[in-house]
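Data block below; observations after.
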There are 2 protein chains.
Amino acid sequence: MLSAQWPQQSLQQSILGGSSSVLGAPGHHSSVPTVLQGTLVCQAGCVLEELSRYVEERGFVMPLDLGAKGSCHIGGNVATNAGGLRFLRYGSLHGTVLGLEVVLADGTVLDCLTSLRKDNTGYDLKQLFIGSEGTLGVITAVSIQCPPKPRAVNVAFLGCPGFAEVLQTFSSGKELLGEILSAYEFMDAECMWLVTHHLRLASPVQESPFYVLVETSGSRAGHDSEKLSDFLEQALSSGLVTDGTVATDQTRLKALWALRERISEALSRDGYVYKYDLSLPTERLYDLVSDLRARLGSQAKHVVGYGHLGDGNLHLNVTSEAFSPSLLADLEPYVYEWTARQRGSVSAEHGLGFKKRGVLSYSKPPEALRLMQQLKALLDPKGILNPYKTLPAQA
Amino acid sequence: MLSAQWPQQSLQQSILGGSSSVLGAPGHHSSVPTVLQGTLVCQAGCVLEELSRYVEERGFVMPLDLGAKGSCHIGGNVATNAGGLRFLRYGSLHGTVLGLEVVLADGTVLDCLTSLRKDNTGYDLKQLFIGSEGTLGVITAVSIQCPPKPRAVNVAFLGCPGFAEVLQTFSSGKELLGEILSAYEFMDAECMWLVTHHLRLASPVQESPFYVLVETSGSRAGHDSEKLSDFLEQALSSGLVTDGTVATDQTRLKALWALRERISEALSRDGYVYKYDLSLPTERLYDLVSDLRARLGSQAKHVVGYGHLGDGNLHLNVTSEAFSPSLLADLEPYVYEWTARQRGSVSAEHGLGFKKRGVLSYSKPPEALRLMQQLKALLDPKGILNPYKTLPAQA
């Protein structure tokens, strides 16, 4: 229940997610992370990968994992409501973050850093700051629920003949793998071309129009591999999957994950990259990629689709030799309009930042935008917290 | 993206959770619930039990379940952030509610009724209304993620020689049951006395100081019963558990759950009931019950402790022949102070309502209360929405 004032002059005008400048804020928590019965309490500036290692040594896992784990900070993850690779299994940070310490725009330290799983005393204020990208307050410490570390992890990397089969394989996986299904990622043949060509990674399966990475995480190796082999047998025998490989040891697991995780790096070596992070109904998710490929023709080097299919989250990327205003004009607002027609999200798991703050209205009605502006005005009346991020400039 | 104005005169001064008066609000959703790929969209006035039946027929389960399911409405569940019996497995409504339609105090219809698992376009406004007990807006429709219906459900009812063994049995259950552990409830010997005496239920196990109900929910019956029997064997052989019974068929399952679910009913037949709903560190959770039993002596008929041990949630209840101001004076603020010293919550899974709105400061610092009052003033400047609930009267 401690509280304190944090000198306002130490607040930066532009706040980077969980950067070291927000370390050492006052409060009752120590500067060393603690994990007790699966609840981690730590400062905002801790690096996600270090936290992962820390909790894994104690029998737990972080409920989120991302490609950028080696450099991103937990404060930034929470401030941007990061999604990532474990979302399918452990859900949103709105569910797994138990408490926050936040410095408000007027320097007030808001201590909501409890570790309680259940707390219905008044409004759940921490929710305001999860995903608000530092525009309503600066997160200085985090309390987060870490699930028990799974004893068995398996990864299957599969080739699928078409997108319909990618979807059917997902349904079959949900049914046969049940509670141990922890990731269902997909990538198209162009993604595979990029990672094999630019990064010299080897494809572990025969050439296919689509690839799928299925991860299971469970408490009993024997049961898990039985479930997985039944799933694979059914997928292969029914023609949903044409080729596949399975890994259980760390090295092979990492190699299979690298094919998916390093797509972004491969794209950056291909040229200028136009990036979109969209939520769409899964059954229509790949239509946008095919549609754009036809629309853009030879203007684009590559139009690729990959992402967290289990969460309905498509990463759509387009590369070209160099930045081209006419290509951009063919992409925007087309992509946003397409997504809005499906009632999707134009920013699924990434923040809007300053580049995308103008597109918010494609996914939110005017009444919601007005309330967001009112919240911003209430919490940051002088507009000193990340003023050019998230919300569009006011009319 | 539709939006509409709802005539303000139709708003009641005191709003009951999801009562039929809020049915039929305008919007794009139909009056019939729909469930697609596990996402249920329905009006706020739907009864939880009917929704459960509806989604179970389609292969899903509601992520929440409570004793009051036959009469409570989903809108009220969301407005009060109900916890209940499945919290351990599926977590908080802050994670499982995907979208809401809310009527604001000025009559504006706020359409955040999307069904997207991931959406980072601006602030997550729906979170404001989850658990705010109708004081910031009236929930008129809900979109909620329903997990696949488990194929196998097992319940074990066990007797434990002491509270230390209740805790150790929980640790062992987390380890051996892993991802299929879906509930871990406990009750003391006095609870068992109440349900056997007042409701004539039969105890399925030998008399013990404590009883535990362990539920597993999984996708494969054979694997689940193997995990469960290994867990029970270890618990029995190590003396953590002295007697136990297991049920897999619906009738026996319901009979075992009734022992736990009907404690509240049995209490009400015992006399006047003083009820507390607390979050506490699990290792100290029962100390408060023993402490109060000694403190109250013969003033109380019964001092009982039961609840969702897996969530750190204690239901502490005291009965007496009739309401007694001196007994109340011995209970309050003692119970709240005790809880505050443990940094617990004085209202874990129930709402504060109007009776408990004065106790908020035991679990939240003054800065948080101030921000809550500011949010209330922003969203309901005339104070017409449930004016005597949740927040203390302003100084």
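Side chains are part of it too, since the values below use all heavy atoms of this structure and drop only hydrogens, waters and symmetry mates. Chain A is the first sequence line, chain B the second, and so forth, proteins listed ahead of strands; every chain is numbered from 1.
Counting heavy-atom pairs closer than 4.5 Å to chain B, the top-ranked of the candidates P281(A), P148(A), G218(A) is G218(A). Taking G95(A), G351(A), S347(A), G178(A) one by one and counting their heavy-atom pairs under 4.5 Å with chain B, the maximum is reached by S347(A). Contact tally against chain B (heavy-atom pairs below 4.5 Å) for L176(A), I130(A), L378(A), L379(A): the top residue is L378(A). When each of L116(A), L391(A), L177(A) is scored by its heavy-atom pairs under 4.5 Å with chain B, the top score falls to L116(A).
R220(B) is linked by a side chain to side chain donor-acceptor pair (under 3.5 Å) to E226(A), D230(A), counting only residues two or more places apart in sequence or in another chain.
In this structure, chain B has no heavy atom under 4.5 Å from any part of K356(A). Neither the backbone nor the side chain of T96(A) has a heavy atom closer than 4.5 Å to any heavy atom of chain B. Only the backbone of T80(B) comes within less than 4.5 Å of a heavy atom of chain A; no side-chain atom from C-beta onward does.
A salt bridge links D311(B) with K118(A): the closest approach of a Lys/Arg side-chain nitrogen to an acidic carboxylate oxygen falls below 4.0 angstrom. A salt bridge links R151(A) with E175(B): the closest approach of a Lys/Arg side-chain nitrogen to an acidic carboxylate oxygen falls below 4.0 angstrom.
The shortest distance between side-chain heavy atoms of R89(A) and E179(B) falls below 4.5 Å. The shortest side-chain heavy-atom distance between L375(A) and Y123(B) falls under the 4.5 Å cut-off. No side-chain heavy atom of L371(A) sits under 4.5 Å from any side-chain heavy atom of T108(B). Put simply, the side chain of D111(A) does not reach to within 4.5 Å of the side chain of E367(B), judged on heavy atoms. Contact check for H350(B) versus N120(A): no side-chain heavy atoms found under the 4.5 Å cut-off.
For the atom pair CG of L110(A) and CZ of R370(B), the computed distance is 9.5 Å after rounding to the nearest 0.5 Å. The OG atom of S132(A) lies 10.5 Å from the CG atom of D124(B); values are rounded to the nearest 0.5 Å. Between the OG1 atom of T114(A) and the CZ atom of R343(B) there is a distance of 7.0 Å, given to the nearest 0.5 Å. Separation of atoms NZ (K174(B)) and OG (S219(A)) is listed at 13.5 Å; rounding is to 0.5 Å. To the nearest 0.5 angstrom, L278(A) atom CG is 11.0 Å from D119(B) atom CG.
G122(A) and T390(B) make their closest contact through CA-CG2, 4.0 Å (heavy atoms, listed as atom of the first residue, atom of the second, distance). Of all heavy-atom pairs spanning L125(B) and A368(A), the tightest one is CD1-O, 3.5 Å.
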